[in-house]
Asks: 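For reference, the structure I am asking about is given below.
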Number of protein chains: 2
Amino acid sequence: MDSPATLAVLDRAEILCRARGVRLTAQRRRVLAILCDSPRPLGAYEILDTMREGSRPLAPPTVYRALDFLLEQGLVHKLVSLHAFVGCNHPEHPHSSQFLICNACGEVTEIEDEAIDRSLGSAASVSGFRPQRRVVEVIGTCAGCSQKGR
Amino acid sequence: MDSPATLAVLDRAEILCRARGVRLTAQRRRVLAILCDSPRPLGAYEILDTMREGSRPLAPPTVYRALDFLLEQGLVHKLVSLHAFVGCNHPEHPHSSQFLICNACGEVTEIEDEAIDRSLGSAASVSGFRPQRRVVEVIGTCAGCSQKGR
DNA sequence: CGCGAGACGTTATATTGTATCCAACCGTTC
DNA sequence: GAACGGTTGGATACAATATAACGTCTCGCG
């Protein structure tokens, strides 16, 4: 386990946390590694099952605490429409992401589209609304799956 | 209960369902009425509690089934980030809505912004992605609450 | 009326997420 | 190095959200 790509993410995460004065502990690192290794989003209990393999039993709060930390640090994202989590591609800068979720293959693509951000922002400001967090999840079929399905 | 506005929604829902050849049964009507009467989104179990008042006991599936129907017909929307439901303002035409959710007062505003729709659509089509359902929820503070908070 | 599909009641259970309390660890200070 | 204080983690229990499964009833239709 822990592909080269995952190791790279872990290294960057380590550096980020150090710079921010927070601790990327073993548990948190493990959760992040599991998420990065997975080709698709994982539920908290799937992460839990993975962590339990060959190790002693763990309880849900352990995973949720690690996830809370990683979410705060922007190292992972939560997909509310799936009740699942994914590692973040580019945690270096804070960002509000958008997700394309394929309901055929389960793949999730994180995009960061200026135009969406801008239109959301201006739609909100019309009503005097001050956005804090944005949830943008588009469910559909990815390019690959919509070709197959035809 | 059942304000004039709610009654109007119920009437329109009745007409819509009749036109579509589906049945707006008593349970479904009741759930829709409860949602329309509420100034803020309600969880399934809050709806359940309301329905139980002064009546015989009901079980969760009853509410979830009614909600599934109403969602299919576009008469209510689900706010995934709140695990809650709201009545729809304009069920006449199918639409993908966006929501502004105030985390101070709990109020939710449904907006229907062309620009957001367009930018989402074009961002998806760049990757060859075919959207089916869109989840757009902006959490923040509404105009009223951000004034008070200052 | 009698039939069939859809709707509903009921029980049980799955899934996701938290509260709480205490023990272990870690870095700091003396 | 020992005492201390804050963060982290373990463990138990539980809350909140949602669904499976199955039998019964009802409604609209022929």
Asks: Is B/Glu92 salt-bridged to B/Arg12, going by a charged N under 4.0 Å from an acidic O?
Replies: yes
Asks: Using OP1 and OP2 only, check whether a side-chain N or O of A/Arg28 sits under 4.0 Å from D/dG9.
Replies: yes
Asks: Looking at every strand, decide which applies to B/Phe69 at a 4.0 Å heavy-atom threshold: base, sugar-phosphate, or nothing.
Replies: nothing
Asks: What's the CG-P distance between B/Leu67 and D/dT17, to the nearest Å?
Replies: 13 Å
Asks: Starting at CD of B/Glu72 and ending at C1' of C/dA7, how long is that distance when rounded to a whole Å?
Replies: 13 Å
Asks: What I want to find out is whether A/Arg65 reaches A/Asp68 closely enough, with some N-O distance under 4.0 Å, to be called a salt bridge.
Replies: no
Asks: Spell out yes or no: do the side chain of B/Arg65 and the base of C/dG9 have one donor N/O and one acceptor N/O closer than 3.5 Å?
Replies: yes
Asks: Is B/Tyr45 near enough to D/dA16 that one of its side-chain N or O atoms lies under 4.0 angstrom from OP1 or OP2?
Replies: no
Asks: For DNA chain D, whose closest nucleotide is more 5', that of B/Arg23 or that of B/Ala84?
Replies: B/Ala84
Asks: What is the separation between atom CD1 on B/Ile47 and atom P on D/dA18, rounded to the nearest whole Å?
Replies: 10 Å
Asks: Just N and O in the side chain of A/Thr62: are any of them under 4.0 Å from OP1 or OP2 of D/dA11?
Replies: no
Asks: Using a cut-off of 4.0 Å on non-hydrogen atoms, how would the nucleic acid contact of A/Pro57 be classed: base, sugar-phosphate, or nothing?
Replies: sugar-phosphate
Asks: Nearest whole angstrom, please: distance from the P of D/dA20 to the OH of B/Tyr64.
Replies: 12 Å
Asks: Counting only side-chain heavy atoms from C-beta out, which of D/dG10, D/dT12, D/dA20 sits nearest to B/Pro61?
Replies: D/dA20
Asks: Between B/Thr25 and B/Ala59, which has a closest nucleotide on DNA chain C that is more 5'?
Replies: B/Thr25
Asks: Measure the distance from CG on A/Leu48 to P on D/dT12 and round it to the nearest whole Å.
Replies: 14 Å
Asks: Are a donor atom and an acceptor atom from the side chains of A/Ser97 and A/Glu112 found within less than 3.5 Å of each other?
Replies: no
Asks: Any donor-acceptor pair under 3.5 Å linking the side-chain atoms of B/Thr6 with those of B/Ser3?
Replies: yes
Asks: Using a strict 4.0 Å threshold on nitrogen-to-oxygen distance, state whether B/Arg29 and B/Glu14 make a salt bridge.
Replies: yes
Asks: What is the distance, to the nearest angstrom, from the CG atom on A/Asp68 to the C1' atom on C/dT18?
Replies: 10 Å
Asks: Distance check: side-chain N/O of B/His83 vs OP1/OP2 of D/dA16, anything under 4.0 Å?
Replies: no
Asks: Specify the separation, in whole Å, of atom CE of B/Met51 and atom P of C/dG9.
Replies: 8 Å
Asks: Below the 4.0 Å mark, does C/dG17 have OP1 or OP2 next to a side-chain nitrogen or oxygen of A/Lys78?
Replies: yes
Asks: Using whole Å, report how far CD of B/Gln73 lies from P of C/dG6.
Replies: 14 Å
